[in-house]
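Only heavy atoms go into these numbers, but all of them, side chains included; no hydrogens, no water, no symmetry mates. Order of the sequence lines sets the chain letters (A, B, ...), proteins ahead of strands, with each chain counted from 1.
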Amino acid sequence: MNFTDIEKKWQDIWEKEKRFEVNNYCDGKKNAYVLIEFPYPSGKGLHTGHVRSYSAMDAVARKKRLEGYNVLFPMGCDAFGLEAERTAIKEKKPPQEIVSRNIAIFKEQLKCVGLSIDWSRAINTCDPEYYKWTQWLFLQFYKHGLAEKRYANVNWCPNCGVLANEEVEDGKCCQCHAEVEQKPKSQWILKITKYAERLNDDLDQTEYMEHIKLGQKHWIGKSEGVQVKFKLVQGGEFEIYTTCIETIYGITFMVLAPEHPLIKQNKDKIKNWIEVENYIKQASKKSEFERAELTKTKTGCKVEGLTCINPVNGKEVPIFIGDFVLVNYGTGAVMAVPSHDQRDFEYAVAHNIPMIQVIEGKDVSKEAFEKKDYLGKGCKLINSEEFSGLTVEEAKVAITKKLVDMGVAKKQVNFRMQDWVFSRQRYWGEPIPMINCPKCGWVPVPEKDLPVKLPEVESYEPTKDGESPLSLISDWVNVKCPCCGSDAKRETDTMPGWAGSSWYFMRYCDPHNDKEFASYDALKAWLPVGLYNGGNEHTNRHLLYARFWNKFLYDIGLSPVNEPFKSRVSQGIVLGANGVKMSKSLGNVVDPRDVIKEYGADSLRIWESFMGDYFSDVNWSDEGVKSANKFISRVVSIKDLLVDGDEISKELSYILNATIKKVSEDIDKIKFNTAISQLMICVNEIYKNKKINKAEYKTLLTLLNPFAPHITEELWVECGYGKDITNATWPVCDESKLIKEEVEIAVQVNSKIVARINIDPTLNQEDILTFVINNENIKNILIEKQIIKEIYVPGRIVNFIVK
RNA sequence: GCUGGUGUGGCGGAAUGGCAGACGCACAGGACUUAAAAUCCUGAGGUGGCAACACCGUGUGGGUUCGACUCCCACCACCAGCACCA
C-alpha cells in the first residue's frame with residue numbers, strides 16, 4: 001500500500017470513529033486546550049505556511065493526548081472582512097457564496113494534512129448562529145456603558161466614500177487615486193481604554209513569549225507623567241501632559257493641537273487669525289499618511305496675541321499650533337523644550353525660537369540632549385533656580401511636589417492606546433444591533449430578536465454618501481422602536497473584522513449552545529487556553545481585543561478567567577523558495593495538496609517541522625520534502641530489523657531514553673526541528689545496531705506519531721501493537737539509562753585543547769582531576785609547569801591554567 | 001525616525017558561558033546493479049601540508065572571563081511592524 005492509500009485510510013477511520021471529538025469533561029483526565037488562530041478564508045487558499053503552524057499545534061495536541069489529556073483542538077473560519085467583500089463586488093456574487101466556496105477549499109486542504117481537529121466544533125463567524133452571539137456581546141458592552149456613539153475620523157475619498165487604511169496608498173485612494181481627507185463621522189466605539197491599566201499590568205500573569213508581551217505593552221503605551229495647568233495671560237487656562245517635568249525651566253514655547261478648543265475660543269484675541277485659520281484648515285486636510293510622514297519638517301504656526309505663564313518661574317511663553325500635536329492624545333497640548341527634545345529642537349530652529357539648556361552633560365547647539373540619553377546617568381540640572389544641582393531623578397520628584405503644592409499640577413498616568421472605533425460603513429460584517437428612535441434615542445435590539453441578519457442586497461459597494469450599503473435597504477432599515485413603537489431606523493454600520501475573532505475561542509468550548517454565547521461551565525472546563533499560536537501580525541491588536549473582551553466578560557461574571565490565554569507563541573513565516581512572501585501574483589505559492597500528492601502528508605509535516613526554528617522565517621524548499629520522505633522510508637524499513645523482545649535492550653537503551661527525553665522536552669518547547677533531528681539520530685543508531693525489538697520499535701513509533709500520524713498508526717497495527725494508536729502511552733525517560741560509564745572529554749591547558757581522554761563521569765571532580773593529571777600524555781605536557789588553577793566542567797572539559 | 005527581530009560552511013540550520021558547524025540538503029568516493037534510479041556505507045568549515053599537524057574561522061570593532069556564537073558597549077547590514085505619543 002502506498003502512502004496516499006494509507007493516509008486516506010486513516011483519515012477516513014478518524015472521521016468515522018470521531019476519534020478527535022472531545023467532551024467537556026472526561027473521567028479521570030485533565031483537560032488541555034491547544035488553540036491556533038482560525039484562518040481567514042481568502043481566495044488564495046492555504047499554503048504550506050499555514051500547514052506548518054497547524055501541524056505544529058497538531059503535534060502538541062497529539063502528544064498531549066498520548067500523555068493522557070482530554071484535548072480540545074478546534075478549528076473554524078474568520079469569515080467577515082474586506083477581502084470577501086471585494087471579491088464579491090468583483091465577481092458580482094454574494095459574499096456568502098464566495099466565503100462558502102473558499103471554506104470548502106480550506107476544509108479539503110486541512111483534511112488531507114491529517115490534523116486531529118474536532119470538526120464537530122467548527123465555527124464560522126459569518127454564520128447567523130454565531131454572529132447572533134457577537135451581537136449579543138456587543139449589547140452587553142452597550143448595557144455596561146462601554147459602547148457609545150462618538151465622532152471619529154474616517155478616510156474620505158470624494159469619489160469612493162469611506163476607505164479602510166489599507167485602501168489608502170500614499171494619501172490617495174487606491175481605486176480612483178483621488179486625494180483622501182479625514183472626515184469626522186459619528187461611529188460606535190468600544191471603550192477599551194477603561195481596561196488599559198489591567199491589559200498592561202495583567203500581562204505579568206501570562207506566559208507569553210517576551211517579545212509578544214513587549215508588543216502589547218508598547219501598543220498600550222503606559223506612561224507616567226505630570227499634568228500641569230498653564231494660565232493664559234489673556235485669561236483662561238489649559239493643561240499639558242509631560243513625562244519630563246524636570247525640563248520645565250527649559251520651556252521656550254508651547255504647542256497646541258490645531259483642533260484644540262482654546263484656539264477657537266480665543267479667536268477675537270488672536271491677531272493673526274487668518275493665518276491660524278488657514279493652518280487649521282490645512283491640517284484637517286492631511287491624510288493619516290501625511291500626518292505619519294516621517295521625513296517631513298515639523299510644520300506649525302505662531303498664535304500671535306496668546307501667551308501663557310510658566311508656573312514655576314512666572315515667565316511668559318509664546319504659543320504655537322502644530323499638527324504633530326494630536327488632540328486626542330494626552331491633553332492635546334505640549335510644553336516644548338528644544339534643548340531636550342529633538343522634535344522641539346527642530347521646531348525651534350525652524351521658527352527661530354530661543355533655547356534654554358537645563359540639564360548638563362552635552363552640547364545642545366547642534367541637537368537636543370534627550371531623556372533617553374540623560375536618564376539614569378546621574379546628570380544634573382542647571383538654569384533651574386532652587387532645583388539646579390539636583391540630579392534628574394531627584395528633580396522629577398522635587399519639581400512635581402512644588403507644582404502639586406502650588407495646586408497647578410497632578411501626577412497622571414497616560415496611555416497611548418485609544419478607544420476602539422467599532423463601526424464600519426460596509427456590508428460584509430455583523431450588523432450592529434441598535435435602533436435609533438427619534439423619541440428614545442439609541443435603543444438596543446431586544447435580545448429575543450437577535451440575530452439581526454444581514455439582508456440580501458443587490459450591490460455590496462460602499463455608498464458615495466459614506467453610509468453603509470445597508471442604508472439603501474429601506475424595508476430593513478425602517479423598524480418600530482422596541483421601546484415606544486414609533487417609527488425608527490436601524491443602525492446601518494457593521495462591526496469590524498476583529499469582532500468575531502475576539503471571542504471565538506470561547507465559542508469552541510460550547511459551539512452549539514443556543515441559549516448562551518457559551519455556558520460558564522463549558523468555559524470553566526477549558527479556559528484559560530493552554531497554548532495559543534498565531535501570526536506575528538496579530539500579536540498586537542487581535543490579542544489585545546480578545547483579552548479585552550474576556551476581561552469584560554470576567555467582570556460581569558460570564559468568563560471564569562481574568563486572562564484567557566496562558567501562553568502565546570507566534571510562528572515564523574514560510575517564505576517562497578525565492579525568499580519572498582508567498583503570494584499569488586508572484587507565483588511562488590505552494591499548495592499543500594500538491595506536495596501531499598507527491599510525497600504524502602507525513603513527509604510534508606516532518607519537513608515543515610524540521611526545516612528550521614519554528615519561530616523564525618524560513619524559505620520553502622522542495623528538496624527538503626524529499627529528505628523527510630526518505631526519513632519516513634527509513635523508519636518503515638526498520639521493520640526488517642525487528643526481533644522479539646518486550647523490554648528495551650541494553651544496546652539501545654541509551655539512545656532511546658535520550659530520544660524520549662529530547663523529543664518530549666522539544667515538543668513542549670516547540671523546538672520541532674531538533675526533535676526531528678534527534679529522531680533521525682535515533683534511527684541512524686538503530687541501523688548501526690542492525691536489529692531492534694518490538695518494544696523498542698513501539699517506543700520509536702509513539703515518539704514519531706505526533707509528527708507523522710498516518711504511517712506510525714499503520715505500522716502500529718501492522719506490528720500488532722493494537723487496533724489503533726489510541727492505546728499508546730507517551731514513553732517516560734529512564735534517567736538512570738542516560739548515565740554513561742565512559743565519556744570523552746577535552747583537556748585544555750590555558751584554554752587550548754591539548755588532548756582528549758576518556759573518563760568515568762560518575763567520579764567526583766577531585767578524582768577526575770587526579771585521573772587526568774596522572775595520564776601519561778597529560779603528565780608530559782604539564783611537566784615543569786606550575787598549575788595555578790584547575791577547572792572541570794562535568795562531562796565536557798578539564799582546563800589547567802599554568803604558569 | 002521608533003519598536004521588535006535576524007546575521008554561523010555551498011545551502012537549511014544545531015550549540016544551560018565549556019571540544020563551533022549536531023541533524024539534513026547538495027557534493028565526492030565506495031558497495032549493490034549489465035546500467036541507471038533507489039538503497040546502504042564512508043568523507044568533507046577554510047588555507048597550507050603526502051601526513052602528523054599548524055594557522056584562521058559564528059556581520060565589524062572593543063570589553064568582561066581561565067574560556068564568548070552565547071554576556072556588556074559601540075557600529076554595520078538585512079527583515080518585519082508602526083500611531084510624530086509629549
Report task. For the side chain of A:Trp219, starting at C-beta, report the closest nucleotide among B:rA86, B:rC23, B:rA83. Result -> B:rA83
Query raised in the report: Between B:rU16 atom P and A:Lys662 atom NZ, what is the distance in whole Å?
Result: 8 Å
**Report entry** Whole-Å P distance, B:rC40 and B:rG46
**Finding:** 25 Å
Query raised in the report: Within this structure, what is the CG-to-P distance between A:Asp622 and B:rG12, rounded to whole angstrom?
Result: 16 Å
Query - Interatomic distance where CZ belongs to A:Arg343 and P belongs to B:rG1 [whole Å] - result: 16 Å
Requested in this report: Look at the side chain of A:Tyr687 and decide which nucleotide, out of B:rC85, B:rG18, B:rC41, has an atom nearest to it.
Outcome: B:rC41
Enumerate, atom names and distances included, each donor-acceptor pair closer than 3.5 Å involving a side-chain atom of residues 628-635 of chain A, sequence neighbours excluded.
unit_1, atom_1, unit_2, atom_2, d
A:Asn629, ND2, A:Tyr599, O, 3.0
A:Asn629, ND2, A:Ser603, OG, 3.0
A:Ser633, OG, A:Asn629, O, 3.0
A:Arg634, NH2, A:Asn684, OD1, 2.8

Requested in this report: For B:rC79 versus B:rA74, give the span between their P atoms, rounded off to a whole number of Å.
Outcome: 24 Å
Query raised in the report: Does any N or O donor sit under 3.5 Å from an N or O acceptor when you compare the side chain of A:Asn750 with the base of B:rC66?
Result: no
Query - Nucleotide nearest A:His218 when distance is taken to its side chain, options B:rC40, B:rC85, B:rG4 - result: B:rG4
Requested in this report: For B:rG9 versus B:rA15, give the span between their C1' atoms, rounded off to a whole number of Å.
Outcome: 15 Å
Query raised in the report: If you count the non-hydrogen atoms of other residues, nucleotides and ligands that lie under 6.0 Å from NZ in A:Lys191, is the total more than 12?
Result: yes
**Report entry** C1'-based separation of B:rG10 from B:rG21 [nearest Å]
**Finding:** 14 Å
Report summary line: On RNA chain B, more 5' by nearest nucleotide between A:Ala746 and A:Lys752 is A:Ala746
Query raised in the report: So how far is it from A:Asn673 CG to A:Ile676 CD1, rounded to the nearest 0.5 Å?
Result: 9.0 Å
Report task. Can you measure from NZ (A:Lys229) to SG (A:Cys308) and round to the nearest 0.5 angstrom? Result -> 14.5 Å
**Report entry** Residue mapping more 5' on RNA chain B - nearest nucleotide basis, A:Asp617 or A:Ser751
**Finding:** A:Asp617
Report summary line: Per atom distances to the A:Val618 side chain, the nearest of B:rC25, B:rC23, B:rG13 is B:rG13
Query raised in the report: Are A:Lys740 and A:Asp760 close enough for a salt bridge, meaning some N to O gap below 4.0 Å?
Result: no
Query raised in the report: What's the CD-C1' distance between A:Glu608 and B:rG12, to the nearest Å?
Result: 14 Å
Contacts under 3.5 angstrom, residues 791-803 of chain A side chains, donor-acceptor by atom type, not counting sequence neighbours:
unit_1, atom_1, unit_2, atom_2, d
A:Tyr792, OH, A:Gly795, N, 3.1
A:Asn799, OD1, A:Ser751, N, 3.0
A:Asn799, ND2, A:Gln748, OE1, 3.4
A:Asn799, ND2, A:Ser751, OG, 3.2

Report summary line: The nucleotide from B:rA86, B:rG24, B:rG18 with an atom nearest the side chain of A:Tyr241 is B:rA86
Requested in this report: Grab the CD1-P distance between A:Ile212 and B:rG5 for me, whole Å please.
Outcome: 11 Å
Query raised in the report: A:Ser621 near the nucleic acid: base, sugar-phosphate alone, or nothing, with a heavy-atom cut-off under 4.0 Å?
Result: nothing
**Report entry** Nucleotide nearest A:Ser627 (side chain, heavy atoms from C-beta), chosen from B:rA83, B:rG24, B:rG5
**Finding:** B:rG24
Query raised in the report: Going from CZ on A:Phe253 to CD1 on A:Ile353, what distance comes out if it is rounded to the nearest 0.5 angstrom?
Result: 4.0 Å
Query raised in the report: How many Å lie between CG on A:Asn629 and P on B:rG24, as a whole number?
Result: 15 Å
Quick test: give all pairs of protein nitrogen or oxygen and nucleotides 20-22 of chain B nitrogen or oxygen below 3.5 Å, distance rounded to 0.1 Å.
none

Report summary line: Taking a pair to mean Watson-Crick or G-U wobble geometry with both distances below 3.5 Å, B:rC71 pairs with B:rG63
